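Remarks on the structure that follows.
A quick note: this is a predicted structure, and the numbers were derived from the prediction, not measured. Here is the naming used below: chain letters follow the sequence lines, and residue numbers restart at 1 for every chain.
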There are 2 protein chains.
Amino acid sequence: MAARNPRHDRESVTDVALSLLDQVGLPDLSMRRLAAELDVQPSALYWHFANKQELLAAVADRIVGQIPQRSADSSDAATRLLLTARSIRDALLAYRDGAEVVQSTAALRLGATRATEIIQDAILDAPLAPDVRSDVADAVLQFILGHTMLLQQRMHAASHGADAGDESPFADSSSRVFDTGIALFSAGIPLSAALRSAQSPA
Amino acid sequence: MAARNPRHDRESVTDVALSLLDQVGLPDLSMRRLAAELDVQPSALYWHFANKQELLAAVADRIVGQIPQRSADSSDAATRLLLTARSIRDALLAYRDGAEVVQSTAALRLGATRATEIIQDAILDAPLAPDVRSDVADAVLQFILGHTMLLQQRMHAASHGADAGDESPFADSSSRVFDTGIALFSAGIPLSAALRSAQSPA
DNA sequence: ACCTGAACACCGTTCAAGT
DNA sequence: ACCTGAACACCGTTCAAGT
């Protein structure tokens, strides 16, 4: 009934890891459980990946790989940034605990390059020096990750621990906070050309 | 040599947990190791706390409890917000993995109340409707948490895995990105009075 | 009230050995 | 090249029982 021979490689293991993540969440995504899903001993995984962190990095790459290159060629800068930011958030929301997985591996690749590049593209016409632009892109990405992690944790907390009769309507309020945050960034960008002269007050 | 009798309560356990966190980091802060530090069996901890999550929530409360009420009564709104944001970041940086601990428990208390209130105080004079103000405060806090978590992970990654001769000068660039992010929020706030009419373009 | 002892059902990782 | 088997050093949590 079951095939023998090579069976798995890095890609197929990552496939199953990603779908297992979505089913059970990051806390229950163990090497042993993943091995069981693949009909393999836990030690077999260490032929394909050096350790769990490397596996999770591959999973994270799959998630950020599904961010669309350019979400829309909208006319004004503000809505272009908003649409880009939303498409990144939605890619993270597409898998359970997606934001946390990406965040935890973002520390290694110095700068979560792909996502940052897409944001930089979205603010290309802003009157910013290149180095300031990359700072702005980093800040926007950090907001997106912080926001989405909190949202996914609340989704998880709400699903198996109905704290106090709360009907958990935070999906609406969350996307309101998200849009507000991005709008504030947008509004601030044109004013931040004069950002280098007035240096830190403390 | 060692005392007998009651020995510990919620407070003293939290004390030791906090200092152990700072010494070994969140991944190595286990119930068993904490128990060893307290000269007690692991099961003893479950008389004081229902589970590990509840213990970590107490630790998180201690960390946010050390955010100063009002960092400074500066004249202009922009520097007041910047100083407040920095004082929150610095409280998180005061303990190893402080941001992650606070973030992971922030999901339960719907709204990390104390920190959000302090931010709301700092933008009290901005021309914003109360509900918009609280959205802005949430967004700022989510940026602070996202930024600080990434920074602390990089500090940890750099300390025991010198990736490629990089002299890890990201302390400077991080605080530059942080200041940029907060400055953008500040600059955007006065312009976001007209934020409710133009509703989402998608 | 506060803690021990022992157990249950798990972890990530290593390494010799198989095919 | 890819995987098994067995082991090592851990986890969080429960629960009867002690004092």
Side-chain angles (χ1 to χ4, degrees), chain A residues 1-18 20-21 23-60 97 100-101 104-105 107-108 153 156-157 160-161, chain B residues 1-18 20-21 23-60 97 100-101 104-105 107-108 153 156-157 160-161:
Chain A
M1 228 59 177
R4 265 170 234 116
N5 285 20
R7 296 208 271 178
H8 300 298
D9 58 356
R10 259 172 157 273
E11 269 206 68
S12 65
V13 172
T14 309
D15 277 347
V16 177
L18 185 58
L20 186 59
L21 170 71
Q23 291 168 42
V24 304
L26 185 57
D28 288 333
L29 176 56
S30 67
M31 296 299 265
R32 296 180 108 102
R33 181 144 185 188
L34 175 58
E37 210 80 8
L38 292 162
D39 264 307
V40 134
Q41 293 302 116
S43 50
L45 298 174
Y46 291 84
W47 202 93
H48 301 289
F49 297 93
N51 48 44
K52 189 180 184 179
Q53 208 181 152
E54 197 177 296
L55 202 227
L56 287 179
V59 171
D97 294 334
E100 189 173 351
V101 172
S104 71
T105 56
L108 307 176
Q153 273 168 212
H156 178 250
H160 81 76
Chain B
M1 229 60 172
R4 263 169 234 114
N5 285 18
R7 295 207 272 178
H8 299 299
D9 59 355
R10 261 173 157 272
E11 269 204 69
S12 65
V13 172
T14 309
D15 277 346
V16 177
L18 185 57
L20 187 59
L21 170 72
Q23 290 169 44
V24 304
L26 186 57
D28 288 334
L29 176 55
S30 67
M31 297 300 266
R32 297 180 108 104
R33 181 145 186 188
L34 175 57
E37 210 79 10
L38 293 162
D39 263 308
V40 135
Q41 293 302 116
S43 49
L45 298 175
Y46 291 84
W47 200 93
H48 301 290
F49 297 93
N51 48 46
K52 189 180 184 179
Q53 206 180 154
E54 198 178 293
L55 201 227
L56 287 179
V59 171
D97 294 336
E100 189 173 350
V101 172
S104 70
T105 56
L108 306 175
Q153 273 167 212
H156 179 250
H160 82 76

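There is no side-chain donor-acceptor pair under 3.5 Å between B:D15 and B:S12.
Remark: P of D:dG5 and CH2 of A:W47 are 19 Å apart, rounded to the nearest angstrom. Rounded to an integer number of Å, the gap from CG of A:D9 to C1' of D:dC2 is 11 Å. As a whole-Å value, the separation of A:E54 CD from C:dT13 C1' is 14 Å. Note: CG (B:L26) to P (D:dC11) measures 13 Å, nearest angstrom. When rounded to the nearest whole Å, the span between OH of B:Y46 and C1' of D:dC15 equals 13 Å. The CZ atom of B:R10 sits 15 Å away from the C1' atom of C:dC2 (whole-angstrom rounding). Distance B:L34 CG to D:dC10 P: 16 Å, rounded to the nearest Å. Atoms CE (B:M31) and P (C:dC8) sit 21 Å apart, rounded to a whole Å.
Counting only heavy atoms from C-beta on, B:S30 has its side chain closest to D:dC11 among D:dC11, D:dT13, C:dT14. Nearest nucleotide to the B:H48 side chain, out of C:dC3, D:dT13, D:dC3: C:dC3. Closest contact between the side chain of A:R7 and the listed nucleotides C:dC2, D:dC3, C:dG12 involves D:dC3.
Side-chain contact between A:L45 and A:L55 is absent, with no heavy-atom pair separated by less than 4.5 Å. At a threshold of 4.5 Å between non-hydrogen side-chain atoms, the residues B:P42 and B:M31 do not count as touching. Under the 4.5 Å side-chain criterion, counting only non-hydrogen atoms from C-beta, A:T105 is not in contact with A:V59. In this structure the side chain of A:L34 reaches within 4.5 angstrom of the side chain of A:V13, judged on heavy atoms.
Within the 4.0 angstrom heavy-atom criterion, only backbone atoms of the sugar-phosphate kind lie near A:N51; the bases stay farther away.
In this structure, B:R7 contributes its side chain and B:L38 its backbone to no donor-acceptor pair below 3.5 Å.
When all heavy atoms are compared, the tightest approach of B:E54 to B:R10 is OE2-NH2, 2.6 Å. When all heavy atoms of A:F49 and A:T14 are compared, the closest pair comes out as CZ-OG1, 3.5 Å.
Crowding of B:Q53 atom CD: a count of heavy atoms from other residues, nucleotides or ligands under 6.0 Å not exceeding 12.
Helical stems of DNA chain D (runs of at least 3 Watson-Crick or G-U pairs, donor-acceptor distances under 3.5 Å) are listed by first residue: C:4-8 with D:12-16, C:12-16 with D:4-8.
The gap from the P atom of D:dA9 to that of C:dA9 amounts to 23 Å, rounded to the nearest Å.
The stretch residues 36-45 of chain A comes close to DNA chain D through A:V40, A:Q41, A:S43, A:A44, each having a heavy atom under 4.0 Å from the strand.
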